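Here is the naming used below: chain letters follow the sequence lines, and residue numbers restart at 1 for every chain. The figures here come from the full heavy-atom set of this structure, side chains too, leaving out hydrogens, waters and symmetry mates. Just so it is clear, the model here is predicted, and its values are computed rather than measured.
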Amino acid sequence: MYVLKIEDYDLDILKILQSGQVFRYEILSEDSFVLIYQDHYVVVSKIDGGYQFECEPEEFQSIWYPYLGLDLDYQAINQSIIHADARFEGVIKEQMGLRILRQDPFEMLMTFIISQSKAIPQIRKLVNELSVKYGRYLGKVESIPIYAFPTSQALNHVKEEEFRDMKFGYRAPYLEDAVRLVNCDLVQLSKAQLPMLKQIKGVGDKVASCVMLFGLGDLEAFPVDVWMRKTMIYLYDDLGVKSKDIDIQNYGKKMFGKYAGIAQQYIFEYGRQIIKNL
DNA sequence: TCCCAGGTAGATC
DNA sequence: GATCTACATGGG
């Protein structure tokens, strides 16, 4: 058992789980969750003044501390973002506790290939089905079975046809290609950069940026999707409706510098709130 | 029935 | 290069 005092960190696990950056988790109640990372899972409960992790302190330090990005100083990061654009003060105050997770790179690669042209609940469903079929069974929490996301080895001989049977649609050959390139080491995920990732079929700027940001902790990565696109054009007069995604990406990277990725997460949340009211 | 969803590759001009 | 379009599937 390990207790994390919230006063030492800005951390809001529910906000993180609902932010669209992570798809594998369980929400047991309003203040009780299951986090999953590779072969590990942990039950976390919100208690007075903090979070209680049902694991040994050693596991917390080696797995969940880095997973939650608790080594990053969000006070300083937030100040830097507000300094770049003062309009973010309100959004950041509202989204206090939202953090970028450091998830498994292979899982991020597969997940964001799946994500294209799909709504978040659909992505979650497909990624979970993939884990149940090919991932390792880890245990049970309140009668919910918990599976690891499959390793690249576990998916090594899965054919396009099998992915299609699982309703991955036109992404099926992309998934097969991704597994193949990772397993033959043509794409070395641990030291991947954007161009390397884009060699994989079905991986463009957006998916590659998500892998860099959510899987490899590259805080400068700035994924631009339809939401980001709309919100950035709304926020910045320099950007017009016919701006290219790459220009929007470069604009954001330039504006927010080494914390562009975190700014991106705030902008994404902001966009999800306001766009439907426009 | 029609339209769109955290996109991308390939064809066409 | 910039602009279409097909690509599977499910939900509103």
Side-chain angles (χ1 to χ4, degrees), chain A residues 15-25 91 95 98-101 103 105 107-130 133 158-181 187 194-216 218 221-235 239-250 252-253 260-276 278:
Chain A
K15 271 205 183 82
I16 293 170
L17 296 182
Q18 294 178 332
S19 70
Q21 61 173 303
V22 54
F23 300 89
R24 309 243 317 123
Y25 58 85
V91 189
Q95 295 300 326
L98 178 61
R99 287 172 167 262
I100 302 282
L101 298 177
Q103 301 178 71
E107 177 174 347
M108 291 299 94
L109 174 62
M110 301 295 277
T111 299
F112 281 98
I113 287 173
I114 292 165
S115 79
Q116 54 187 269
S117 291
K118 287 230 164 274
I120 290 177
Q122 273 302 311
I123 302 167
R124 206 166 130 65
K125 180 163 177 281
L126 285 170
V127 174
N128 273 311
E129 285 169 359
L130 191 63
K133 184 154 181 188
V158 179
K159 295 280 195 306
E160 171 183 341
E161 194 59 30
E162 293 176 62
F163 286 125
R164 281 194 188 272
D165 289 344
M166 294 184 73
K167 308 298 180 191
F168 285 102
Y170 66 86
R171 305 159 194 80
Y174 300 163
L175 295 173
E176 190 182 350
D177 194 48
V179 171
R180 191 171 51 84
L181 293 186
V187 171
L194 234 54
M196 189 194 283
L197 292 168
K198 286 171 69 177
Q199 293 174 38
I200 301 168
K201 282 208 172 46
V203 176
D205 263 304
K206 192 271 174 182
V207 169
S209 296
C210 285
V211 176
M212 294 305 297
L213 178 59
F214 301 126
L216 291 161
D218 175 12
F222 195 85
V224 175
D225 62 17
V226 285
W227 292 94
M228 279 298 290
R229 181 181 172 77
K230 288 179 192 164
T231 313
M232 286 292 285
I233 291 170
Y234 170 80
L235 283 172
L239 300 170
V241 285
K242 54 187 198 112
S243 297
K244 288 176 293 185
D245 286 349
I246 189 70
D247 294 328
I248 296 173
Q249 185 187 62
N250 287 331
K253 286 171 79 82
I262 293 170
Q264 180 270 169
Q265 199 63 26
Y266 289 130
I267 298 168
F268 184 70
E269 282 304 319
Y270 181 61
R272 288 213 294 188
Q273 291 172 25
I274 63 157
I275 294 292
K276 52 189 166 204
L278 286 181

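The pair A:Glu160-A:Arg164 counts as a salt bridge, with a side-chain nitrogen and a carboxylate oxygen less than 4.0 angstrom apart. Taking 4.0 Å as the cut-off between side-chain N and carboxylate O, A:Arg180 and A:Glu176 do not count as a salt-bridged pair. By the 4.0 Å N-to-carboxylate-O rule, A:Asp245 lies close enough to A:Arg229 to be salt-bridged with it.
Atom P of nucleotide C:dG10 and atom CD1 of A:Ile114 are separated by 14 Å, given to the nearest angstrom. Rounded to whole Å, the distance from CG on A:Leu126 to C1' on C:dA8 is 11 Å. Protein atom CZ of A:Arg124 is 15 Å distant from nucleotide atom P of C:dG11, rounded to whole Å. Distance A:Ile113 CD1 to C:dT9 P: 18 Å, rounded to the nearest Å. In this entry the distance linking CG of A:Leu175 with C1' of C:dC7 reads 14 Å, nearest Å.
B:dG6 and C:dA2: their C1' atoms are spaced 24 Å apart (whole Å). Rounded to a whole angstrom, the distance from the C1' atom of B:dT8 to that of C:dG11 is 23 Å. Comparing C:dA6 with B:dC2, their P atoms sit 15 Å apart, to the nearest whole Å.
The shortest distance between the side-chain N/O atoms of A:Arg171 and the OP1/OP2 oxygens of C:dC7 is not below 4.0 Å. For the OP1/OP2 pair of C:dA2 and a distance below 4.0 Å, the side-chain nitrogens and oxygens of A:Lys244 include at least one atom meeting the criterion.
Remark: the backbone N or O of A:Arg99 is paired with a side-chain donor or acceptor of A:Gln21 at under 3.5 angstrom. Side-chain atoms of A:Gln116 come within 3.5 Å of backbone N or O of A:Gly202 as a donor-acceptor pair. A donor-acceptor pair under 3.5 Å links the side-chain atoms of A:Gln265 to the main chain of A:Ser19, judged by distance alone.
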Which protein N or O atoms sit under 3.5 Å from an N or O of nucleotides 6-10 of chain B?
{"unit_1": "B:dG6", "atom_1": "OP1", "unit_2": "A:Lys118", "atom_2": "O", "d": "3.4"}
{"unit_1": "B:dG6", "atom_1": "OP1", "unit_2": "A:Ile120", "atom_2": "N", "d": "2.8"}
{"unit_1": "B:dG6", "atom_1": "OP2", "unit_2": "A:Trp227", "atom_2": "NE1", "d": "3.4"}
{"unit_1": "B:dG6", "atom_1": "N9", "unit_2": "A:Asp225", "atom_2": "OD2", "d": "3.4"}
{"unit_1": "B:dG6", "atom_1": "N7", "unit_2": "A:Gly20", "atom_2": "O", "d": "3.0"}
{"unit_1": "B:dG6", "atom_1": "O6", "unit_2": "A:Gly20", "atom_2": "O", "d": "3.1"}
{"unit_1": "B:dG6", "atom_1": "N1", "unit_2": "A:Gln264", "atom_2": "OE1", "d": "3.4"}
{"unit_1": "B:dG6", "atom_1": "N2", "unit_2": "A:Asp225", "atom_2": "OD2", "d": "3.0"}
{"unit_1": "B:dG6", "atom_1": "N2", "unit_2": "A:Gln264", "atom_2": "OE1", "d": "2.8"}
{"unit_1": "B:dG6", "atom_1": "N3", "unit_2": "A:Asp225", "atom_2": "OD2", "d": "2.0"}
{"unit_1": "B:dG7", "atom_1": "OP2", "unit_2": "A:Ser117", "atom_2": "N", "d": "3.0"}
{"unit_1": "B:dG7", "atom_1": "N2", "unit_2": "A:Tyr170", "atom_2": "OH", "d": "3.1"}
{"unit_1": "B:dG7", "atom_1": "N3", "unit_2": "A:Gln116", "atom_2": "OE1", "d": "3.4"}
{"unit_1": "B:dT8", "atom_1": "OP1", "unit_2": "A:Gly204", "atom_2": "N", "d": "2.8"}
{"unit_1": "B:dT8", "atom_1": "OP1", "unit_2": "A:Gly204", "atom_2": "O", "d": "3.3"}
{"unit_1": "B:dT8", "atom_1": "OP1", "unit_2": "A:Lys206", "atom_2": "N", "d": "3.3"}
{"unit_1": "B:dT8", "atom_1": "OP1", "unit_2": "A:Val207", "atom_2": "N", "d": "3.0"}
{"unit_1": "B:dA9", "atom_1": "OP1", "unit_2": "A:Gly202", "atom_2": "N", "d": "3.4"}
{"unit_1": "B:dA9", "atom_1": "OP1", "unit_2": "A:Val203", "atom_2": "O", "d": "3.4"}

